[in-house]
Amino acid sequence: MAASPAFEPGEPDDVALLLHTSGTTSRPKQVPLLQRNLVASARATASHYQLGPGDVSYCAMPLFHVHGLVGSTLAQLTAGGAVVTPRRFAPSRFWTEAHDHGVTWVSASPTFHQAILKRPGDPVETLRFARSCSSALSPE
């Protein structure tokens with residue numbers, strides 16, 4: 001049996017992931033995000049929203065999207081709470097899943113929020129707030 005390679009923990013200045021984005025330039029590019037970038041962003045989000053161990057995030061965004069990974073998932077895990085990550089986001093299941101798992105917050109794009117609101121469900125009494133990513137929600 002072959003020996004397993006030794007695990008070497010990452011350092012703050014190690015590249016954690018390559019973000020593929022067109023950002024504001026409309027030209028595709030790769031942006032290296034360092035370990036420290038991800039940790040700082042997750043901590044800042046957790047602090048700003050006062051997330052804690054009793055919170056449960058509903059990750060509607062895909063995990064290949066930086067907001068799904070950092071804004072919804074790593075921020076909540078940094079705070080010691082839990083994350084609901086459906087295999088595929090389905091607006092028709094949101095309210096039931098949020099209720100069943102005691103979701104306290106959700107972060108999604110305006111399109112996802114509109115889809116959720118078009119499918120009313122029973123109120124989720126544990127839901128503290130909803131957050132928009134990628135662009136602002138319309139006033140309506």
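- By the criterion of side-chain heavy atoms lying less than 4.5 angstrom apart, applied directly or through intervening Ile, Leu, Val, Met, Phe, Trp or Tyr residues, F94 is not grouped with L117; the two fall into different hydrophobic clusters.
- For the pair A42 and T78, the tightest heavy-atom approach, listed with the atom from each and the gap, is CB-OG1, 3.5 Å.
- A 6.0 Å sphere centred on CG of D13 holds more than 12 heavy atoms belonging to other residues, nucleotides or ligands.
- Side chains of W95 and D122 form no contact here, defined as non-hydrogen atoms less than 4.5 Å apart.
- No more than 12 heavy-atom neighbours from other residues, nucleotides or ligands sit within 6.0 angstrom of NE2 on H99.
- With rounding to the nearest 0.5 Å, the separation of CD in E125 from OG1 in T104 is 14.0 Å.
- Here CG of L18 is found 13.5 Å from NZ of K29. Values are rounded to the nearest 0.5 Å.
- Rounding to the nearest 0.5 Å gives a distance of 9.5 Å between CZ of F129 and CD of Q50.
- Taking the side chain as every heavy atom from C-beta outward, Y58 and E97 approach each other to under 4.5 Å.
- In this structure, the side chains of T45 and V70 stay at 4.5 Å or more apart for every pair of heavy atoms.
- No continuous path of hydrophobic side-chain contacts links V31 to M61 [ILVMFWY only; heavy atoms under 4.5 Å].
- Residues S57 and S72 come closest through the heavy atom pair OG-O, 2.9 Å.
- Proximity of K118 to P91: side-chain heavy atoms (C-beta onward) are nowhere separated by under 4.5 Å.
- Under 3.5 Å, the side chains of H67 and S107 contain a donor-acceptor pair of N or O atoms.
- H113 contributes a side-chain N or O that, together with a main-chain N or O of R131, makes up a donor-acceptor pair within less than 3.5 Å.
- Between P32 and N37, the shortest heavy-atom contact is O-OD1, 4.3 Å.
- No more than 12 heavy atoms of other residues, nucleotides or ligands sit less than 6.0 Å from atom CZ of R43.
- Cluster annotation: V103 and F112 are assigned to the same hydrophobic cluster (Ile/Leu/Val/Met/Phe/Trp/Tyr, side-chain heavy-atom contacts under 4.5 Å, transitive).
- Neither V83 nor V106 shares a network with the other; the hydrophobic side chains, linked directly or stepwise wherever heavy atoms of I, L, V, M, F, W or Y lie under 4.5 Å apart, form separate groups for each.
- Contact annotation: the side chain of L51 approaches that of W105 to within less than 4.5 Å [non-hydrogen atoms, C-beta and beyond].
- Side-chain contact between R93 and D100 is absent, with no heavy-atom pair separated by less than 4.5 Å.
- Heavy-atom minimum distance, C59 versus P86: O-CD, 3.5 Å.
- Residues I116 and F89 meet the side-chain proximity criterion, which asks for heavy atoms closer than 4.5 Å.
- Hydrophobic clustering (side-chain heavy atoms under 4.5 Å, transitive across Ile, Leu, Val, Met, Phe, Trp, Tyr) groups V84 together with L127.
- To the nearest 0.5 Å, atom OG1 of residue T73 and atom CG of residue L63 are 5.0 Å apart.
- Side-chain contact between D14 and E8 is absent, with no heavy atoms from C-beta onward closer than 4.5 Å.
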